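Throughout, a chain's letter reflects where its sequence line sits, starting with A, and its residues are numbered from 1. Scope of the values below: all heavy atoms of this structure, side chains included, with no hydrogens, waters or symmetry mates. What you see is a predicted model, and the numbers here were worked out from it, not measured in a lab.
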Amino acid sequence: MSRFYATTPIYYVNGKPHIGHAYCTTVADAAARFHRLLGEQTYFCTGTDEHGQKVQEAAEKRGIPPQQHVDELAEAFRGLLPKLHITPEQFIRTTEPRHKAVVARALQQLWDNDLIEKRSFAGWYSTAAERFWTEKDLVDGKCPDTGQEVVWLEEANYFFLMSRFQQPLIDAIESGKMRILPANRANEVLGFLREPLLDLCISRPKSRLSWGIELPFDSEYVTYVWFDALLNYVTAIGGFGAEADNAATLGEGAAPASGDKGTFETWWPHVCHFLGKDILTTHAVYWPTMLMALGLEPPRQYCVTGWWLMDNTKMSKSLGNVVDPLSLKDTYGPEVLRWFLLREMAVGQDANFSEAGLVKRNNTDLANDLGNLVQRTTALVHKHFDSQVPTLPEDRDPSPLLTSAIHLASYLCGEDTPFELTRSAQQVWPVEKTVDELKLHVTLADIMTLVQRLNQVLASDQPFKTVKTDKDAAAVTVYHALEGIRIAANLLWPAIPHTAEAILERVGWTRGVLPLADINWGDLPEGSAVPKGAGLFPRYKLDAPKDAAKPAPKPAKKAKQKGLPEITIDNAIGYDDFAKLDLRVGVVKVAEPVRKSDKLLRMEVDVGELGLRQVLAGVAKHLTPEQLVGTRIQVLTNLAPRKLMGLWSQGMMMLAETDDGRLVPMRPDGDAPAGSKIA
RNA sequence: GGCUGGGUAGCUCAGCUGGUUAGAGCGAACGACUCAUAAUCGUUAGGUCGUGGGUUCAAGUCCCACUCCAGCCA
């Protein structure tokens, strides 16, 4: 059985989590889940990087010990995961004793094998940038990055002899042993490796940096970020003697499951490192050479993700263009955010982030296509099939289009079934292929073609019609539609896990999410109960940006119909404009004159679920309080509140104004209760 | 400055080893339907495939130059 060990970078705790962290982790989570669907044994680890100067300084600034400082920040990162429905097997922190022990053992081994050397080194040091510069790097004698003063500093440090592994690394990449996706990133690394590879400085004197892991062979130094951070990938799965510590720290059940050869060999090198393109060199050059020096295989696979842009520039605090996309999870829910992140961005490329884009993805993919499909299908079951999965009648074959949907599903699941390609599905790949290539956006698009095909089937088979004349025919369509939904939901589980599980229940499936190999069309048990429920994905409307260039108002459509006179509407509004109005039936509970006003009446109006609203209306000359109390009126409830005569008005009473200036309240006919929407 | 990749319909992009009228999604327009969350289904979109040369019976698809953009490195 093949294995898949997914990692994210361990995130540096010098700030709060942002969309970049969330994205990379979400992709890794979804990829791990997809591999689980493929029947592979998977392990997924993320965590935090907690040493270094910036952390040390931040803690000093707050006047608290660094450990306390990082404990708090690590929690911010760890706490984000469940909010995004991300479920790693492990969360690792570099300040944990088990990890420090691994780092010490690894460094000692390299020292013993003469792969680490002490060298003295001199250069212009910039405190602000935390690094040395050469003479020609300097700009006007100052740090080229920060523009701050630099000082000439001479110090001895320890160097990892990385240069010795240049050729083995090139070979590993070119032979495909170390696979970097997307491919252009591999070229980038190879380009970097055309130049001579230098040795890597891996230490800092304690005088400059105390918050780090001490070198086992020189207590005057701590190790700098590389060995400290990158080795977490090995610690997490029990390398360098961490098995016992892991089991003790994580608990037996939570530690990586041991295979026949022990935990570390179980997972290494079946790893896929997910990372942003900004840390490609450290992961694809420093890290594999470190592993080679330690006698280990280089990582098998990398997935390099792009950046989310705002208005085509990188999101950055200094640019002030950060609207904290993460907060959108609170507005629209984690599943919608996950869907947007996974579906909108081609893995490896940059993409633009916008709330409008997220809303659009939600509305078109999730609400219109998927959610509505579930809704319309189960509605038929409730109306005509006693809320049970219909029984398939004998001797009735599915329609050709329905058959193609069935074939499409099994094709996605990996069977070599031919199916008819249509205009909207010209190219579809088996899930296994696109997941292997980590083109998850394509995987999701392909699965959605199944959803679209099912909508086509309903339009063409018309079960809502045939159910009246030929119930067996309707039963065939509805049964298979439910089955198609069940399989689509199963396949979508890696992206939208909670929703997928909810959909499975909705179609009467109780066996949960299955691996692809166990998905068989027709397993949905006839007669199982189909529960009722509300819509899965609400549609959202987003106000158009104020400054957006408004398209020229279109001339009103001319209604062409025989016998209907043509009219021209100069000030026509679209349905969307109308839909902005929240008109409700209200029941007047209290009505009284407003002091010092001969026009205004103050009312308290019950508008059902919206509660009691205070409404002021200028009708005192036309109506008495007695004519209003206890009666029903129409209220516009989402008009911006306004103060009149010192009193807030939280709604507008709808009135007809006659030519002679009388005001007549609009009274709802019938018995619609308070709060009913008027449309 | 060096290296790499890219400039294809309003937007986002597919177009493998050169070969019938250059494709999809979104948006837009029009039509159909009414089971459903005003949703769904269908039809339509004529874009000098960055610019200029070249190879070829034939180039978005190969070669050269130029230009613009992005990334990596220094």
Side-chain angles (χ1 to χ4, degrees), chain A residues 133-134 136-137 144 180 182-198 276-281 284-285 304 306-307 309 312-314 343-346 348-352 354 356-357 359-385 401 421-429 439 441-442 444-446 448-449 451-468 474 477-478 481 485 533-541 549 551 554 557-558 560 574-579 679:
Chain A
W133 299 102
T134 63
K136 65 174 184 178
D137 287 334
I180 302 175
N184 62 315
R185 296 294 168 192
N187 289 340
E188 209 171 286
V189 175
L190 286 171
F192 179 83
L193 288 170
R194 269 196 288 274
E195 302 293 318
L197 191 58
L198 303 175
K277 59 185 180 180
D278 48 328
I279 51 175
L280 178 58
T281 305
V285 177
V304 186
W307 281 328
L309 308 174
N312 290 312
T313 52
K314 193 191 174 190
R343 179 71 189 82
E344 184 80 0
M345 180 184 266
Q349 293 188 286
D350 293 347
N352 254 311
S354 73
V359 167
K360 203 168 90 178
R361 276 282 170 217
N362 172 75
N363 287 354
T364 57
D365 293 346
L366 297 178
N368 294 355
D369 284 356
L370 179 59
N372 184 48
L373 173 66
V374 173
Q375 206 69 1
R376 67 194 300 206
T377 309
T378 53
L380 287 170
V381 175
H382 296 310
K383 263 188 206 166
H384 304 292
F385 294 96
L401 191 61
L421 289 166
T422 61
R423 190 178 163 209
S424 58
Q426 293 200 323
Q427 224 176 19
V428 175
W429 305 103
K439 295 179 180 168
H441 59 293
V442 177
L444 296 178
D446 288 349
M448 288 307 285
T449 63
V451 171
Q452 285 153 9
R453 187 66 61 95
L454 293 169
N455 272 322
Q456 290 166 8
V457 166
L458 291 183
S460 134
D461 280 12
Q462 301 189 309
F464 42 89
K465 262 188 188 168
T466 57
V467 74
K468 292 166 193 159
T477 307
V478 172
I485 292 169
L536 295 156
F537 298 99
R539 307 178 82 247
Y540 296 101
K541 289 208 171 92
K554 293 172 202 159
K557 286 181 204 165
K558 294 196 174 160
K560 281 184 206 161
Y575 178 82
D576 286 354
D577 290 323
F578 169 70

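Looking only at side-chain heavy atoms (C-beta outward), A:L536 and A:Q375 stay at 4.5 Å or farther from each other. Between A:D461 and A:T466, the closest side-chain pair of non-hydrogen atoms is not below 4.5 Å. Counting heavy atoms from C-beta outward, A:L373 and A:L458 have side chains that approach closer than 4.5 Å.
Taking the side chain of A:W307 as heavy atoms from C-beta on, and the options B:C26, B:C35, B:C72, the nearest nucleotide is B:C72. If you check B:U40, B:U37, B:C72 against the side chain of A:D369, the one that comes closest is B:U40. Residue A:R194 has its side chain nearest to B:C3 when only B:C3, B:U40, B:G71 are considered. Of all nucleotides listed (B:C72, B:U40, B:G27), B:C72 comes nearest to the side chain of A:E188. Taking every side-chain heavy atom of A:Q452 into account, B:C41 is the closest of B:C41, B:U37, B:C35.
Atom CZ of A:R343 and atom P of B:C26 are 10 Å apart (whole Å). As a whole-Å value, the separation of A:E344 CD from B:G27 P is 12 Å. Distance CE (A:M345) to P (B:C26): 21 Å, rounded to an integer number of Å. Summarising the geometry, the separation between OH on A:Y540 and P on B:U37 is reported as 16 Å, rounded to the nearest angstrom. Between A:D365 atom CG and B:U12 atom C1' the separation is 13 Å, expressed in whole Å. Remark: P of B:G25 and NZ of A:K439 are 19 Å apart, rounded to the nearest angstrom. With rounding to whole Å, A:R185 atom CZ is found 10 Å from B:C73 atom P. Look at CG on A:L197: it is 13 Å from P on B:C73, rounded to the nearest Å.
For B:G10 and B:G46, the P atoms lie 11 Å apart once the distance is rounded to whole Å. A distance of about 16 Å separates the C1' atoms of B:C62 and B:C57, rounded to the whole Å. Spacing between B:C49 and B:G15 at atom C1', rounded to whole Å, works out to 10 Å. B:G54 and B:U8 have their P atoms separated by 24 Å, with the value rounded to a whole Å. Rounded to the nearest Å, the gap between the C1' atom of B:C73 and that of B:U51 is 29 Å. B:U61 and B:G23: their C1' atoms are spaced 15 Å apart (whole Å). Here the separation of B:U48 from B:G60, taken at their C1' atoms, is 12 Å to the nearest Å. B:G50 and B:U12 are spaced 15 Å apart, taking the P atom of each and rounding to whole Å.
Every salt bridge (Lys or Arg N to Asp or Glu O under 4.0 Å) that A:K277 has, sequence neighbours left out, goes to A:D350. Listed by chain and residue number, nothing satisfies the salt bridge (Lys or Arg N to Asp or Glu O under 4.0 Å) test with A:D369 (two or more places apart in sequence, or in another chain). A:R185 pairs by the salt bridge (Lys or Arg N to Asp or Glu O under 4.0 Å) definition with A:E188, not counting sequence neighbours.
Residue A:Q456 has no polar side-chain atom (N or O) positioned under 4.0 Å from OP1 or OP2 of B:U40. The side chain of A:T377 contributes no N or O atom lying less than 4.0 Å from OP1 or OP2 of B:C35.
Residue contacts for A:N372: at a heavy-atom cut-off of 4.0 Å it reaches a base atom on one of the strands shown. Using a 4.0 Å heavy-atom distance criterion, A:G371 is classed as a base contact. Heavy atoms of A:L536 sit under 4.0 angstrom from at least one base atom.
For the pair A:A474 and A:P463, the tightest heavy-atom approach, listed with the atom from each and the gap, is CB-O, 3.8 Å. Closest approach of A:A481 and A:T377 over heavy atoms only: CB-CG2, 3.8 Å. Across A:R343 and A:A445, no two heavy atoms sit closer than the pair NH2-CB, 3.5 Å. Shown here for A:F385 and A:V478, the closest heavy-atom pair between the two residues is CE1-CG2, 4.1 Å. Across all their heavy atoms, A:A367 and A:R539 have their closest contact at CB-CG, 3.6 Å.
Judged purely by atom type and a 3.5 angstrom limit, A:N363 uses its side chain to pair as donor or acceptor with the backbone of A:Y540.
In terms of position on RNA chain B, the residue among A:H384 and A:F192 whose nearest nucleotide sits closer to the 5' end is A:H384. Along RNA chain B, the nucleotide nearest A:N368 and the nucleotide nearest A:K383 are compared for position; the residue whose nucleotide lies closer to the 5' end is A:K383.
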Show each protein N/O and nucleotides 32-34 of chain B N/O combination with a separation under 3.5 Å, one pair to a line.
{"from": "B:U34", "atom 1": "OP1", "to": "A:K465", "atom 2": "NZ", "distance (Å)": "3.4"}

With the criterion being N/O to N/O and under 3.5 Å, what pairs connect the protein with nucleotides 5-8 of chain B, and how long is each?
none

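Rounded to the nearest 0.5 angstrom, A:M448 CE and A:N455 CG are separated by 9.0 Å.
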Requested in this report: Mind running side-chain contact (heavy atoms from CB on, under 4.5 Å) on A:V451 and A:D365 for me, showing each step along the way?
Outcome: CA-CA 9 Å; A:V451 171; A:D365 293 346; over 6 Å; no
Report summary line: Note, RNA chain B 5' to 3' with Watson-Crick or G-U pairs under 3.5 Å encoded as ( ), [ ], | and . gives (((((((..((((.....[...)))).(((((.......))))).....(((((..]....)))))))))))).
